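Nothing here was measured: the structure is a model prediction, and the numbers come from that model. Counting starts at 1 for both ligands and their atoms, following the listed order.
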Amino acid sequence: MGTLLDSFQEALEKREAKLARRRLTILSPDAADFSSNDFLSLSTSSLLKSRYLRRLNACYAADHSLGLGSGGSRLLDGNSAFAEELERFIASFHDAPTGLLFNSGFDANVGVYSSVPQPGDAIVYDELIHASTHEGMRLSRATTKLRFQHNSVEDLENVLNGLINDDVSISSRNVFIAVESLYSMDGDVAPLKEMVQVIHNTFPRGNAYLIVDEAHATGVFGPNGAGVVQELGVQNDVFIRTHTFGKALAGQGAIVLCTSLTREYLINYARTLIYTTAMASPTLAAIRTAYELMQQGKTQSFQQKLQSNISYFRSQCDNFHMNDQSIVRIDYYDRSPIFSIRTKYPRELARYCQERGLIVRPIMAPTVPRGKERVRVCLHAGNSYEEIDSLMSAIRQWVRDSTTERPKL
Ligand SMILES: Cc1ncc(COP(=O)(O)O)c(C=O)c1O
């Protein structure tokens with residue numbers, strides 16, 4: 001019988017053979033970023049950096065007892081007036097009753113889905129929902145978990161009606177509908193208004209609860225970057241919203257926006273909040289600084305720059321489609337910074353671009369469904385038109401250099 005380490009080796013070799021082995025990489029600082037989720041390029045913004053450092057100094061000057069680390073979980077020694085005030089500030093920015101900080105979006109989703117649905121309840125989720133929601137659902141006590149076709153209002157309605165037909169008792173239970181506002185891999189936006197309508201019509205007694213993960217929309221969409229829910233004005237129709245700080249806001253962590261009763265419940269039952277050290281003061285200060293920039297409208301110019309890069313890239317894609325549509329296809333959605341370059345050879349195309357200083361990533365199954373592998377392109381406020389031109393010409397060149405006969409899409 002082999003040892004544990006032998007089985008590790010074997011598992012990794014299996015992945016290697018399937019070209020599916022994951023590896024950590026370090027990017028060259030000179031490369032053009034078409035990959036990270038730093039959509040507004042705030043991570044390298046001198047405005048954010050200088051404001052953050054000023055705030056940090058001011059915090060420590062004002063309160064000599066403020067520690068670097070939080071010292072414990074929120075329920076023990078890790079809570080602070082600073083954390084509670086930050087929650088109120090963010091909740092107010094998002095027009096929500098209250099908010100509860102989590103150490104990451106992953107923790108937030110696991111905390112919510114593992115604790116909120118009760119035995120006998122159902123969760124109906126978009127088939128492309130993020131792995132963190134799947135993890136939360138796996139731990140959840142909900143009796144029924146059903147998926148609906150990605151962003152399809154019609155299929156959502158069918159699944160909800162099917163639930164009622166199969167189990168009349170569901171009308172006295174709770175149904176949670178799990179969606180994202182901007183999908184991380186396809187870059188498309190959920191039709192939230194139509195979904196809200198279907199949910200109201202199917203469960204008029206109000207026992208169906210919409211939960212929206214705004215991870216990728218935070219900072220990018222909505223008034224001052226507040227997200228899609230506020231852009232559509234449906235905040236009162238959403239039971240829980242999750243915003244994360246690690247993407248466009250150049251920080252780390254997440255907030256769950258909800259009613260004060262739900263917040264109290266999560267404080268008592270969400271294990272990813274209870275059994276973990278709370279975020280350190282410098283992390284809270286970074287989040288506060290980014291939110292203040294949004295609240296003051298100071299990220300609007302970044303949002304606009306991002307949108308102008310999106311328009312420019314899209315115009316290049318349209319030209320590209322006319323000339324070169326063969327073994328690649330570029331999929332995109334209105335105003336979205338996330339593009340999919342669909343090809344049967346995502347690894348090769350990504351490597352070709354990377355060798356030319358253009359950072360893009362191949363996205364393989366199971367991160368996306370088999371057959372839908374792609375190169376993911378994320379645009380940023382900080383990308384220049386020249387960088388975008390370089391990316392387009394690299395893709396064109398790769399198509400031309402592909403000497404062997406390749407299957408078309
Ligand atoms: C839709 C979605 N939700 C949640 C998360 C997790 O957020 P975090 O990176 O803060 O853990 C991600 C991260 O990629 C995501 O794409």
> Does Phe82 have Arg288 sitting over its ring (NZ/CZ under 6.0 Å from centre, angle to axis within 45°)?
Replying inline: no
> Does the side chain of Thr283 come under 3.5 Å of the side chain of Gln252 through a donor N or O and an acceptor N or O?
Replying inline: no
> When only distance counts, is Glu180 in polar contact with ligand 1, meaning an N/O pair under 3.5 Å?
Replying inline: no
> Any idea which protein heavy atom is nearest atom 3 (N) of ligand 1, and the distance to it?
Replying inline: Asp213 OD2, 2.6 Å
> Taking only heavy atoms of Gly105, which atoms of ligand 1 are found under 4.0 Å from at least one of them?
Replying inline: 6 (C), 7 (O), 8 (P), 10 (O), 11 (O)
> Between the side chains of Asp38 and Ser41, does any donor sit under 3.5 Å from an acceptor?
Replying inline: no
> Closer than 4.0 angstrom: is that true for some heavy atom of Ser132 and an atom of ligand 1?
Replying inline: yes
>> Closer than 4.0 Å to some heavy atom of Asn109 - which atoms of ligand 1 meet that?
In response: 3 (N), 4 (C)
>> Just to be sure I'm reading this right: ignoring hydrogens, which of Glu214, His216, His130 gets closest to atom 5 (C) of ligand 1? Compare them by their nearest heavy atoms.
In response: His130
> Between Phe39 and His216, what is the ring plane arrangement, given parallel below 30°, perpendicular above 60°, and tilted in between?
Replying inline: perpendicular
>> Any nitrogen or oxygen of Thr244 lying under 3.5 Å from a nitrogen or oxygen in ligand 1? Just yes or no.
In response: no
>> Please evaluate residues Phe148 and Tyr125 with respect to the criterion ring-ring contact (aromatic ring centres under 6.0 Å, His included), reporting the C-alpha separation (whole Å), side-chain torsions for both, the decisive distance (0.1 Å), and the verdict.
In response: CA-CA 6 Å; Phe148 66 94; Tyr125 61 94; 7.9 Å; no
> Quick one: which ligand 1 atoms are inside 4.0 Å of a heavy atom on Lys247?
Replying inline: 9 (O), 12 (C), 13 (C), 14 (O), 15 (C), 16 (O)
>> Could you walk me through whether Phe89 and Tyr291 satisfy the ring-ring contact (aromatic ring centres under 6.0 Å, His included) test, starting with their C-alpha distance in whole Å, then the side-chain angles of each, then the deciding distance to 0.1 Å, before giving a yes or no?
In response: CA-CA 8 Å; Phe89 184 81; Tyr291 261 92; 7.1 Å; no
> For Tyr333, is the NZ or CZ atom of Arg335 found under 6.0 angstrom from the centre of its six-membered ring and inside 45 degrees of the ring axis?
Replying inline: no
> What atoms of ligand 1 come within less than 4.0 Å of a heavy atom belonging to Phe106?
Replying inline: 6 (C), 7 (O), 8 (P), 11 (O)
